[in-house]
Visitor: 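Mind looking over this structure? Questions follow.
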Amino acid sequence: MSGRASRIASLFAGLCAASLAGCAGPQSVFSPASDQARWLHGLFGLMLWVCGIAYLLVLAFLAVALWRARGALAETPITEPHDGRLQWGLRAWAALIVAGLLTLAVASFLVDRALAGAEPRGDPSVRVTGQQWWWRIEVKDPASGRWVESANELHLPLNQPTPVEVVSADVIHSFWIPNLSGKIDMVPGRVNRLTITPRQLGWVRGQCAEFCGLQHAQMALDVKVDSPADYAAWVARQAAPAAAPKDPVAARGLALVQDGTCGQCHALRGTAAAARAAPDLTHIAGRRFLAAGAAPLTRGSLQGWIAQPQALKPGAEMPATGLSPRDAEAVAHYLEGLT
Ligand code: HEC
Ligand SMILES: [Cu+2]
């Protein structure tokens, strides 16, 4: 019997492993890369086992009952109240159910406590604002104590509990980086908080997890877990003003950006463009993706976006700029230098 039980258990484990093996990756709850994601992943695993075993037990008893009663269902009475073995069996079954549910309740309580215990004591050092359909990123520069703005790409320091504040500027969004944390809603007029303690270097992908309008699907957040030194360097880079144009074409691009409409929505720190309605472009070329994951950031995608943002992301809050191809080229060339 125990041999058979262990064979069933290993078959079950094999099935789980096979079905989860294809689920690893940069946007997956099955590759936890932070303390918080590991706790949640552990809780999920426990729930899967407890519920899976209960399910198999029910099916096994049902199969045995059907087998024993084959052909005789009509004649035998449905209950045998004086059968002592049946009564003990029922008591054992009830105890098993209570034990299973209690295990799950205690485990989820403990995980909840652990997540709450990781709540920041101090002030948050990262603030993320959901906007239709991009992410405003603000980080506190430890050097100056000032908040530094960026967009669509978030860096976090390895092994450091980072308190993150999430808010929304328009509708309800949901902040979700599966490898690093559970979901948390971004609600207009409300500040929600979570803490992330990353344990693995590298890139992972976040995604808005609450339908928020036309381009909800193209609202991805590129996330990088850095070593503390790389993180400090990234913050310092974001804090610096925009690089000066390196050649006459880039200089013409800067002039077009300053004289054109760009500055009514975007900020490029160090230039005349200082609006906050759209992603901060001060270090746009330092990012991997354009427009919250809509395309890889290349010279081609930048120029295409500037000429026709609606072609790449229909419904996006950036209207056609009306720039001539030559002007769009100069602007793209200038932006390309803003690392
Ligand atoms: C009416 C406001 C508005 C104007 C004017 C505007 N933009 Fe935008 N821009 C946006 C918004 C909103 C987004 C974010 C769109 C999205 O990702 O859904 C955006 C995104 C961008 C991005 C991608 C940012 C990123 O983080 O990937 C670039 C580059 C950009 N705009 C360049 C420009 C340039 C250059 C001009 C001027 C020629 C300009 N924009 C004019 C609103 C505007
Ligand atoms: Cu959304």
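Everything quoted here is computed from the prediction, not taken from an experiment. We count ligands from 1, going down the list as the structure has it; atoms in each ligand are counted the same way.
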Visitor: Can you confirm if the aromatic rings of H216 and F211 lie within a centre distance of less than 6.0 Å?
Guide: yes
Visitor: Should F61 and L57 be marked as a side-chain contact (heavy atoms from CB on, under 4.5 Å) after you check the CA-CA gap, both sets of side-chain angles, and the distance that decides it?
Guide: CA-CA 6 Å; F61 277 111; L57 275 177; 4.3 Å; yes
Visitor: Hey, which of V164, V235, L156, T162 is the one that makes side-chain contact (heavy atoms from CB on, under 4.5 Å) with S125?
Guide: T162
Visitor: Assess R91 against W88: is NZ or CZ under 6.0 Å from the centre of the six-membered ring, and within 45 degrees of the ring's axis?
Guide: yes
Visitor: Taking distance alone, with no angle check, do A277 and ligand 1 share an N/O pair under 3.5 Å?
Guide: no
Visitor: Select one of side chain, backbone, both or neither to describe which atoms of L256 lie under 4.0 Å from any atom of ligand 1, heavy atoms only.
Guide: neither
Visitor: For atom 11 (C) of ligand 1, what's the nearest protein heavy-atom neighbour? Residue, atom name and distance, please.
Guide: A278 CB, 3.6 Å
Visitor: For the backbone of W176 and the side chain of Q207, can you confirm whether one donor and one acceptor N or O come within less than 3.5 Å of each other?
Guide: no
Visitor: Quick one: look at V331 and ligand 1, take heavy-atom pairs under 4.0 Å, and tell me if it's side chain, backbone, both or neither.
Guide: side chain
Visitor: Please list the nearest protein heavy atom to atom 16 (C) of ligand 1 with its residue and the distance rounded to 0.1 Å.
Guide: K313 NZ, 3.3 Å
Visitor: Between T321 and ligand 1, does any nitrogen or oxygen pair lie at a separation below 3.5 Å?
Guide: no
Visitor: Quick one: look up the protein heavy atom nearest atom 2 (C) of ligand 1 and list residue, atom name and how far away it is.
Guide: C265 SG, 1.9 Å
Visitor: Which heavy atom of C212 sits nearest to which heavy atom of Q132, and what is that distance?
Guide: O-NE2, 3.0 Å
Visitor: Name the closest protein heavy atom to atom 33 (C) of ligand 1, giving the residue it belongs to and the distance to 0.1 Å.
Guide: M318 CE, 3.3 Å
Visitor: Any heavy-atom pair between the side chains of P188 and I172 that's under 4.5 Å?
Guide: yes
Visitor: Give the atoms of ligand 1, by number and element, whose distance to some non-hydrogen atom of L290 is under 4.0 Å.
Guide: 23 (C), 27 (O)
Visitor: With atoms numbered from 1 as shown, which atoms in ligand 1 lie under 4.0 angstrom from a non-hydrogen atom of T261?
Guide: 5 (C)
Visitor: Considering distance alone, does some N or O of H266 sit under 3.5 Å from an N or O of ligand 1?
Guide: yes
Visitor: Given that the side chain starts at C-beta and the backbone is N, CA, C, O, which of these parts of L297 lies under 4.0 Å from ligand 1, counting heavy atoms, or is it both or neither?
Guide: neither
Visitor: Verify the distance test for C212 against the Cu ion (ligand 2): any N/O/S atom under 2.8 Å, yes or no.
Guide: yes
Visitor: Heavy-atom contacts under 4.0 Å between N152 and ligand 1: side chain, backbone, both, or neither?
Guide: side chain
Visitor: Quick one: does ligand 1 sit under 4.0 Å from the side chain of I284, the backbone, both or neither, non-hydrogen atoms only?
Guide: side chain
Visitor: Give the ring-plane orientation class for W203 versus H155, where under 30° counts as parallel, over 60° as perpendicular and anything between as tilted.
Guide: perpendicular
Visitor: Any idea which part of C262 is under 4.0 Å from ligand 1, heavy-atom wise: side chain, backbone, both or neither?
Guide: both
Visitor: Please write down residue, atom name and distance for the protein heavy atom closest to atom 27 (O) of ligand 1.
Guide: A291 N, 2.6 Å
Visitor: Show the atoms of ligand 1 that are less than 4.0 angstrom away from any heavy atom in L302.
Guide: 29 (C)
Visitor: Determine whether more than 12 heavy atoms belonging to other residues, nucleotides or ligands lie under 6.0 Å from atom CZ of R326.
Guide: no
Visitor: Can you tell whether the side chains of E138 and R276 come within less than 4.0 Å, N to carboxylate O?
Guide: yes
Visitor: Below 4.0 angstrom, N of the basic side chain to O of the carboxylate: do R136 and E149 qualify?
Guide: yes
Visitor: What protein heavy atom sits nearest atom 13 (C) of ligand 1, and how far off is it?
Guide: P279 CD, 3.4 Å
Visitor: Is the shortest N/O to N/O distance between W305 and ligand 1 below 3.5 Å?
Guide: yes
Visitor: So is P319 close enough to ligand 1, meaning a heavy atom under 4.0 angstrom away?
Guide: yes
Visitor: Report the atom name of the nearest N/O/S atom of H216 relative to the Cu ion (ligand 2).
Guide: ND1
Visitor: Okay, side chain of S28, backbone of G25: is any donor-acceptor separation there less than 3.5 Å?
Guide: no
Visitor: Name of the E210 N, O or S atom nearest the Cu ion (ligand 2)?
Guide: O
Visitor: State whether D222 and R287 are salt-bridged, where the test is any N-O pair (Lys NZ or Arg NE/NH1/NH2 against Asp/Glu carboxylate O) under 4.0 Å.
Guide: no
Visitor: Can you find an N/O atom of R287 closer than 3.5 Å to an N/O atom of ligand 1?
Guide: yes
Visitor: Would you say the side chain of P124 lies within less than 4.5 Å of the side chain of R193, judging by non-hydrogen atoms?
Guide: yes
Visitor: Which ligand 1 atoms, with their elements, are less than 4.0 angstrom from a heavy-atom of L323?
Guide: 38 (C)
Visitor: Does D185 use its side chain to pair, donor to acceptor, with the backbone of V187 at less than 3.5 Å?
Guide: no
Visitor: Which residue and atom name correspond to the protein heavy atom nearest atom 32 (C) of ligand 1, and how close is it?
Guide: L281 CD1, 3.7 Å
